[in-house]
Structure formats: C-alpha cells, structure tokens
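Since the structure comes first, as structure tokens, the remarks are kept for the end.
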Amino acid sequence: MLRPLPSLRRLLIPFTAALTAGALACGDDRPSPVAPRLSLSEATGHARAFGLWTPTDQDTCTAEIHDQYVTVGPDGLVYPTWHPPEDPVTGCTFGHEHGRDPSGSDLYGQVGDIPFGYANEYLEASGFGAPRHEDHVGHKVEWENDLTMHFGDGGDAVLAVTCDVLVKLHQGSHSPDAFTNNLHEVAYHIRCSDGTGFSATLLTAIGNAGELVNGCDRDEHIQAGTATPVISPDGGGKRALPTASCIQERVLSGDSPRFDSALRESWEISGRLRRADGHTLVSFNPYFQVLDPSRYFDPAAERSLARPVDLCGLPAVAGRDRCAVLGDTLVAWDHVLSPFKGTRRFVDINSNRVSNEGGPVLWYTDPLGRNGSPEPFPGAIRQWVADRDNTAFDLRGPVIGRDRDYDARGVHAPN
C-alpha cells in the first residue's frame, strides 16, 4: 500500500510525458502532445527496484525517508528515482549520489523523473528467460543543455544544430558486477533543433558477457568469470576497467603515481532500438567514464576485487597524488574519507542517428531494444523516436560533465 508522502519532497509531484515526450526542438517548452504519466495516487503497485537500499552505519537517513523519492513509470508502477545526497527536509545523509539533478535539464518538463529499473522490470516478461538485477546506488544521471553538435567522426565542422541531452546509466563502480555482467540499464533522451530526437530505455549489452577489457591495453580481453544471467548476449562497445597490471604500470612504478589514467573506467555503449524486421530506428554510442572508482580487477584477490584506497598505505604512493588527502591515515574502502568513491564522472555524447522518417513516434521494444512494434506486447518498453532521418550525416556531441564532482557530505562507497 502506498504511503502518503511529505509535500516538500518535490519529486512526488506528478510529471507529464515521461519516456514518450513530444518531438520538440531544443529549448521548446510547449507541453508534450502525448498522455501524461500517472500520478502517485494512481499507481498500481511497486516495481522490484523499489526499496532495495538499506542504510549503513555511516548513513543517517532511514530506508523510509529514502523510499519517499519515487516516480511512477509508464507502466503505473512506483520506481525509485533521483534524489540529493542529503534529504533537504531532515538534513540526513544517504551515503550515495545519483549525479546531476535532472530538474535543471531543459528536457525535464518533457521527460520528468527517470524511473530507475524500468527495463530490468520486464526482462523476464519479455521472454528473455532470466532476470537481471542491479543495485540502487549505481544509477547515475548526467545532462547538458544547448550542446553545439558536429559532423562526422571527430570532424571540426560545426552544425547549426544544438541539442539538449539527459542520460542515465547504471554504472556501479564499487563491486565485481561489471567484471562479468554486460547488461546495464541506460535511459537516453535527446532533442535537437533540427528535429532529431529520441527517448530510449533499455538494458544495453556493453561489450561481451563474462569478460572485461584492460583499461591500459584495449586489445587485452580478460575472461573474468560467468555472467549473470548466463544467457546475456554479447554486445558492441566495451567495458574498459582498471586492472592490477595497469595499477602496477602507472601507479606503483616510476616516480609519479598516475591514478587518473590507471583507474579510469570507460563504459563504451553501442545502443540500438530495432524494429521487429531488424531495421535500426535509433543508434547511439555514448562513453560513460569514471575517474575514481572504488575497485579494480585483480585475479589474485578474493572475487578478483581489489581496492584502490589500499594502495595509499604503500610507500610508493602514501601521501601522494589522490592519497594525499589521507595523510598518514588509513581508511577502509567504504569509509567516507576515502578519495575513491566513483563521484568523478563524465560522458562523451558521440554519435546520434535516427532512421524513422514517416514512421510512428511511439514504439514498443523488448528490454534489450529489439523487436520494435508500434503496438505494445508482453514485456515491452515504451520508446519515443522522432519522425526523422538524419543518417545522411553523423550528429555528434561533445563531452559533458568533465569538470563536475558529485562528492557531497556523507557520500562513500558503495556509490
């Protein structure tokens, strides 16, 4: 049963349009032409992603306070969504953050709050045959307004096109999950002044299941274990993650530790929405990057999981570079003082292609972005694709969020 929630928590206001926002040009603030999302009072139940977070002994907020930050998905279920690291009503801390407040995005009036776990909810119902569960803290939001776009692969030609982009990826950088599991939920919303636009939510296969790529040597594919689910499809892109050999090369050898280059995680997506006949409606390939993850891959460690903060106790690193903030203090990997929290992130927007000229703007796909149909079917995810074909040129965007750090009071790994 849904509890009444305090009115001061703005995230409980009913929002319109959600994932089916209209084909509006960048900066256009007209109401969405599609039906509004249900209000909280009209919700029919809770999604499986609801209520997953439990406070640690470092967190001062209760699970009950946390679970008041919710939104209603297109399916009428209540999902967790973005919230600040501190509850503004009580001042308590949650210990984790979800990136940039989406309410500042020019797309917020169309998209509303992003339901965390919407694609995961329907994986089994779509006929995939296995669930894919992801934790709560890994959902990370980033956005930028009025991006100047470019032609081609790294070209310098500037288009007279600007875009608003609002994205969310489940990008946990604290556990061994991403060593083997390549299915991760992405929500990607873009609206451009030339009419290009789409709203896509799916579990995208990033690289191959059961393996990762060495962050220092992109040609080295490491068989890290068994994916969960074991039937996860292999995908394009890659999960380039820090490894023990990379740490040895760039942090422990030489005179100057290079944490940023050694620890960088690059999750390189090759996302697609496809019709049932195989035609690609939408393709996008953002790179989601983390500079300070709280883990790296070490095949000699238990679960192959090693902690960068433990390096700060070694003579070659102690008191230097990122470890300097600790001085002589040694802390656990999940301590609030650790400088490795996964709070320094940015996104390369890269290419955005739409091929839907003359087609309907509402599509339904399975949670993997396949079998697209204008009509809903069991286990389907609702998508929106502009009536547009921009495949004659390559609409590419810049990096967003490079100078942002989402650390805040109380934040610690797992985050």
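Because the structure is predicted, anything quoted here is derived from the model rather than measured. All residue numbers in this chain count up from 1 along the given sequence.
A donor-acceptor distance shorter than 3.5 angstrom exists from the side chain of Arg239 to the backbone of Ala178, with no hydrogens or angles considered. With Glu42 contributing its side chain and Ser39 its backbone, the two residues share a donor-acceptor pair below 3.5 Å. Between the side chain of Asp321 and the backbone N or O of Cys323, no donor-acceptor pair lies under 3.5 Å. No donor-acceptor pair under 3.5 Å is formed between the side chain of Asp334 and the backbone N or O of Gln58. Between the side chain of Arg396 and the main chain of His150, no donor-acceptor pair closer than 3.5 Å is present. A donor-acceptor pair is defined here as one N or O able to donate and one able to accept, closer than 3.5 Å; such a pair exists between the side chain of Asn145 and the backbone of Asp106. Of the possible polar contacts, none joining the Asp59 side chain to the Cys61 backbone as a donor-acceptor pair under 3.5 Å is found.
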Run the numbers on Asp405 and Thr343 for side-chain hydrogen bond (donor to acceptor under 3.5 Å, both in side chains), then give the verdict. CA-CA 6 Å; Asp405 186 342; Thr343 60; 2.9 Å; yes

Test log, rule ring pair (Phe, Tyr, Trp, His ring centres under 6.0 Å), inputs Phe288 and Phe346: CA-CA 6 Å; Phe288 290 80; Phe346 61 92; over 10 Å; no

Test side-chain hydrogen bond (donor to acceptor under 3.5 Å, both in side chains) on Thr60 and Thr93; report intermediate values, then the result. CA-CA 5 Å; Thr60 59; Thr93 60; 3.1 Å; yes

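For residues 198-222, the set of pairs meeting the salt bridge (charged side-chain N to carboxylate O under 4.0 Å, His left out) definition, not counting sequence neighbours, comprises Arg218-Glu268. Sorted pairs that involve residues 384-415 and meet disulfide bond (SG atoms under 2.5 Å apart), not counting sequence neighbours, are lacking altogether. Pairs of residues two or more places apart, or lying in two chains, that qualify as salt bridge (charged side-chain N to carboxylate O under 4.0 Å, His left out) and include a residue from residues 170-190 are Arg132-Asp177, Lys168-Glu185. Sorted by first then second residue, the ring-ring contact (aromatic ring centres under 6.0 Å, His included) pairs that include residues 190-215, not counting sequence neighbours, are Tyr188-Phe198, Phe198-Phe284.
Between Arg191 and Cys163, the closest side-chain pair of non-hydrogen atoms is not below 4.5 Å. Proximity of Val347 to Tyr287: side-chain heavy atoms (C-beta onward) are nowhere separated by under 4.5 Å. With a 4.5 Å cut-off on side-chain heavy atoms, Ile114 and Thr71 do not count as touching. Side-chain contact between Glu97 and Asp407 is absent, with no heavy atoms from C-beta onward closer than 4.5 Å. Asp348 has its side chain within reach of Val399: a pair of non-hydrogen atoms, C-beta onward, lies under 4.5 Å apart. Counting only heavy atoms from C-beta outward, the side chains of Ser373 and Glu375 approach each other to under 4.5 Å. Counting heavy atoms from C-beta on, the side chains of Tyr108 and Pro102 come closer than 4.5 Å. Contact annotation: the side chain of Phe128 never approaches that of Tyr122 to less than 4.5 Å [non-hydrogen atoms, C-beta and beyond].
For Arg264, there are no salt bridge (Lys or Arg N to Asp or Glu O under 4.0 Å) partners at least two apart in sequence or on another chain. Residues passing the salt bridge (Lys or Arg N to Asp or Glu O under 4.0 Å) test with Arg353, sequence neighbours excluded: Asp394. Shown here are the side chain to side chain contact (heavy atoms under 4.5 Å, CB included) partners of Asp57, two or more places apart in sequence or in another chain: there are none. In this structure, the salt bridge (Lys or Arg N to Asp or Glu O under 4.0 Å) partners of Arg344, at least two apart in sequence or on a different chain, are Asp260. Shown here are the side-chain hydrogen bond (donor to acceptor under 3.5 Å, both in side chains) partners of Glu142, two or more places apart in sequence or in another chain: Arg404, Tyr406. Residues that satisfy the side-chain hydrogen bond (donor to acceptor under 3.5 Å, both in side chains) test with Asn350, not counting sequence neighbours, are absent from this structure. Shown here are the salt bridge (Lys or Arg N to Asp or Glu O under 4.0 Å) partners of Arg274, two or more places apart in sequence or in another chain: there are none.
Looking at Val167, Val186, Asn285 one by one, the single match for side chain to side chain contact (heavy atoms under 4.5 Å, CB included) with Ile269 turns out to be Val186.
At a cut-off of 3.5 Å, with distance as the only test, a side-chain donor of Tyr69 or Asp87 sits close to an acceptor on the other residue. Side-chain contact annotation: Asn415 with Lys140, donor-acceptor N/O pair under 3.5 Å present. Looking only at atom types and distance, the side chain of His335 has no donor-acceptor partner in the side chain of His412 under 3.5 Å away. His184 and Glu134 form a side-chain donor-acceptor contact under 3.5 Å, judged by distance and modelled atom types alone. For the residue pair His174 and Ser294, no side-chain donor N or O sits within less than 3.5 Å of a side-chain acceptor on the partner. Asn214 and Thr243 are linked by a side-chain donor-acceptor pair at a separation below 3.5 angstrom, with hydrogens and angles left out of the test. Judged by distance alone, the side chains of His170 and Asp135 do bring a donor and an acceptor atom under 3.5 Å apart. When only modelled atom types and interatomic distance are considered, His136 and His98 share a side-chain donor-acceptor pair under 3.5 Å.
Atom CG of Asp328 has 12 or fewer neighbouring heavy atoms from other residues, nucleotides or ligands inside a 6.0 Å radius. Counted within 6.0 Å of CZ on Arg303, heavy atoms from surrounding residues, nucleotides or ligands total 12 or fewer; the atom is thus considered open.
Relative to the six-membered ring of Trp143, Arg100 meets both conditions, a distance below 6.0 Å and an angle of at most 45° to the axis.
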Name the atoms and distances for all side-chain donor-acceptor pairs under 3.5 Å in residues 355-369, with sequence neighbours left out.
residue : atom : partner : partner atom : Å
Ser355  : OG   : His279  : NE2          : 3.1
Asn356  : OD1  : Trp363  : NE1          : 3.4
Asn356  : ND2  : Pro360  : O            : 2.9
Asn356  : ND2  : Val385  : O            : 3.2
Asn356  : ND2  : Ala386  : O            : 3.2
Trp363  : NE1  : Pro360  : O            : 2.8
Thr365  : OG1  : Gln383  : NE2          : 3.0
Asp366  : OD1  : Leu368  : N            : 2.9
Asp366  : OD1  : Gly369  : N            : 3.1
Asp366  : OD1  : Arg370  : N            : 2.9
Asp366  : OD2  : Asn371  : ND2          : 3.0

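Using a cut-off of 4.0 Å between Lys/Arg side-chain N and Asp/Glu carboxylate O, Arg388 and Asp194 are scored as salt-bridged.
Of all the heavy atoms in Ser173 and Gly342, the pair that sits closest is OG-CA, 3.8 Å.
Aromatic pair His66/His96: ring centres closer than 6.0 Å. In summary, the aromatic rings of His83 and His139 are positioned with their centroids too far apart to meet the 6.0 Å limit.
Atom CG of Leu202 sits about 9.5 Å away from atom CG of Leu183, to the nearest 0.5 Å.
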